[in-house]
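Okay, so here's the structure we're looking at.
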Amino acid sequence: MTLRLTNSLTRRTEPFEPLQPGQVSMYCCGVTVYDLCHLGHARSYIAWDVLRRYLLWSGYQVTFVQNYTDIDDKILKRAAEEGSSMELVSERNIDAFVADMAALNILPADRMPRATQSLDAIRELIGELQAKGAAYGADGDVYFAVMKHAGYGKLSGRDLSEQQQNADGRVSGSEEARKHHPFDFALWKGAKPGEPSFPSPWGPGRPGWHIECSAMVRQELGTTIDIHLGGADLIFPHHENEIAQSEAATGQQLARWWLHNGMVNVGGEKMSKSLGNFTTIRALLESGTSAMTLRLFVLQAHYRKPLDFTTEALAAAATGWKGLNAALQLAAQVGSGDWGPATEAQASDLLSEGRLRFSAAMDDDLNTSAALAVLFELAKPLRSLANRSERGDAHAAAEALALHAESQLVLELAGVLGLKPEGESRPGGAAIGGPSEAEIAAAIAERQAAKAAKNYGEADRIRANLLDQGIELIDKPGGLTDWLRG
RNA sequence: GGCGGCAUGGCCAAGUGGUAAGGCAGAGGAUUGCAAAUCCUUUACCCCCAGUUCGAAUCUGGGUGCCGCCUCCA
């Protein structure tokens with residue numbers, strides 16, 4: 001089996017093969033750091049994190065580059081509102097981005113270039129485009145001439161002559177007046193009074209949005225990369241323009257594969273800053289949704305399809321994760337021991353089948369939904385074991401031995417999806433402002449006594465009292481009482 | 001208007017020619033003083049119409065509905 005991926009460039013799902021055998025270069029369009037990331041960003045970056053993890057797991061050497069857009073009108077606007085500076089706003093949001101990604105267990109990119117630190121490469125690229133006649137200057141701005149690039153529109157399926165007509169009514173404003181064609185776009189923007197600016201052969205100013213990606217891709221990964229990633233909303237104009245710039249300059253293909261993720265919707269509409277219907281990653285995590293629940297929620301749908309964000313769907317994912325997490329926690333316990341080769345062999349057939357089904361699902365354009373189904377099925381026996389072993393069942397402990405290999409596989413496959421055991425809430429977990437373990441044990445003993453005396457009113461009162469303090473009691477067969485700190 | 005995508009049980013969501021994975025919720029049972037948790041069992045003919053085929057959720061054509069992009073956007 002080989003990995004098949006849907007390439008936006010060809011609109012087909014094709015077998016993936018990197019330019020250099022065994023090595024994959026990937027570039028992902030990052031964020032404009034004017035604000036916190038929301039669930040749309042989370043979805044996108046989780047999807048590509050899974051692609052990266054899967055490639056690594058499959059034995060590829062992967063170089064992953066993601067940029068920060070730290071020069072932008074919105075950053076300037078934000079800085080002006082705060083009486084701050086572009087640098088401070090950017091720094092703050094880059095820090096937040098790093099923290100949010102780490103919280104979601106998204107592997108950090110190998111390199112994360114910033115527009116402000118890539119100006120030489122940007123200016124060089126603009127210069128080349130101008131030398132080749134693909135760009136023209138106008139009042140301190142420099143524009144890319146889309147009509148000079150034969151392939152323009154190949155990614156988004158646009159036809160320039162038709163677009164010309166459709167765009168006629170929109171041509172207005174000074175920038176539009178300077179353009180030769182409505183779809184021409186700025187490579188370099190001349191500085192307006194009071195704006196931060198950088199020197200250039202065309203006068204002080206700053207780079208346009210699209211050019212930075214072209215410059216960074218070339219600088220960090222070379223002329224032609226294997227995979228370029230981004231949200232479907234970037235196909236036009238951003239990615240189309242990136243292709244035009246890079247390919248006009250180098251004469252070579254920019255990226256062999258273009259992968260685009262579907263949008264996160266709220267009530268049938270795209271989640272976005274402008275619509276104001278967004279939830280930040282931070283806010284969601286702070287409201288009590290765990291990072292792994294969010295990952296599960298995202299991964300249960302295929303990455304190219306729209307994903308509707310609802311509290312119901314999220315709650316379903318939370319419950320689903322609770323069960324999977326229990327299995328993973330046990331697996332981490334069981335899988336860590338050294339049990340010898342004899343037990344490993346016992347479950348090998350079942351395991352290799354699971355591994356195969358998982359790979360087959362992932363090979364099919366990253367069918368994480370199907371891959372998760374495999375994971376849930378593998379986790380099932382572990383879950384039931386987890387529940388039995390808690391009451392010290394000797395038989396269960398013996399089974400645990402036999403399931404050692406299975407535990408490792410479950411952890412391994414979960415890891416490919418970036419899912420890891422989360423939050424130790426069983427006895428022994430750290431108390432944060434709640435009753436201590438000793439206090440809980442005492443209360444349980446008290447309730448036990450009340451139950452023995454058939455004083456159920458008192459027993460229920462103790463239980464309710466603990467629940468108020470965030471401690472949930474679970475009676476197990478055999479008279480034992482377990483508890484969870486929620 | 002142009003380009004692209006989607007429509008599967010109460011909800012989410014796989015499935016791309018041979019009689020529908022998985023998760024959540026629900027139901028029944030076991031267990032329990034009760035509850036929770038857990039375990040077992042269980043719930044669909046796939047938007048509509050026509051066609052291709054021995055056979056279609058899966059292919060073709062036509063509808064209907066919804067979404068994204070065409071302006072900054074993951």
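Chain naming here is simple, since letters A, B, ... match the order of the sequence lines and numbering starts at 1 in each.
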Which residues in residues 312-324 of chain A have at least one heavy atom lying under 4.0 Å from any atom of RNA chain B?
-> A316(A), T319(A), G320(A)
What are the residues of residues 96-108 of chain A, sorted by number, that bring a heavy atom to within less than 4.0 Å of RNA chain B?
->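 Result for residues 96-108 of chain A: none.
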Any strand is fair game: report the nucleotide pairing with U71(B) by Watson-Crick or G-U wobble, both distances under 3.5 Å, or none.
->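 Its partner is none (no Watson-Crick or G-U wobble pair with both distances under 3.5 Å).
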Over all strands shown, is [X] touching base, sugar-phosphate only, or nothing at heavy-atom distances under 4.0 angstrom?
X: K273(A); result: nothing
X: K454(A); result: nothing
X: V264(A); result: base
X: F297(A); result: nothing
X: N367(A); result: sugar-phosphate
X: L234(A); result: sugar-phosphate
X: Y456(A); result: base
X: D460(A); result: base
X: G40(A); result: base

Name all residues meeting the salt bridge (charged side-chain N to carboxylate O under 4.0 Å, His left out) criterion together with D184(A); count only those two or more places apart in sequence or in a different chain, and write none if there are none.
->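 D184(A) satisfies salt bridge (charged side-chain N to carboxylate O under 4.0 Å, His left out) with no residue once adjacent residues are dropped.
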Under the salt bridge (charged side-chain N to carboxylate O under 4.0 Å, His left out) test, which residues partner K189(A), sequence neighbours left out?
->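 Partners of K189(A) under the salt bridge (charged side-chain N to carboxylate O under 4.0 Å, His left out) test: D73(A).
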With sequence neighbours excluded, what pairs up with [X] under the side-chain contact (heavy atoms from CB on, under 4.5 Å) test?
X: R12(A); value: T10(A), E14(A)
X: D35(A); value: R78(A), K273(A)
X: S287(A); value: L284(A), T289(A)
X: P196(A); value: L76(A), M86(A)

Can you find a donor-acceptor N/O pair under 3.5 angstrom joining the side chain of [X] to the base of [N]?
X: S369(A); N: A21(B); result: yes
X: D159(A); N: G2(B); result: no
X: N265(A); N: C6(B); result: no

Choosing from [options], which nucleotide comes nearest the side chain of [X]?
X: K305(A); options: G23(B), A74(B), A14(B); answer: A14(B)
X: S274(A); options: C72(B), A13(B), A74(B); answer: C72(B)
X: E472(A); options: A36(B), A74(B), A7(B); answer: A36(B)
X: R463(A); options: C40(B), G22(B), A35(B); answer: A35(B)
X: A370(A); options: A74(B), A14(B), G22(B); answer: A14(B)

Electrostatic pair R92(A)-D95(A), nearest N-O below 4.0 angstrom |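 Looking at R92(A) and D95(A), the cut-off is not met.
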Pick the C1' atom in U43(B) and in G23(B), then give their distance to the nearest Å.
-> 15 Å
Salt bridge (Lys or Arg N to Asp or Glu O under 4.0 Å) contacts in which one or both residues fall within residues 301-324 of chain A, not counting sequence neighbours |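 Of all non-adjacent pairs touching residues 301-324 of chain A, those that pass salt bridge (Lys or Arg N to Asp or Glu O under 4.0 Å) are R304(A)-D365(A).
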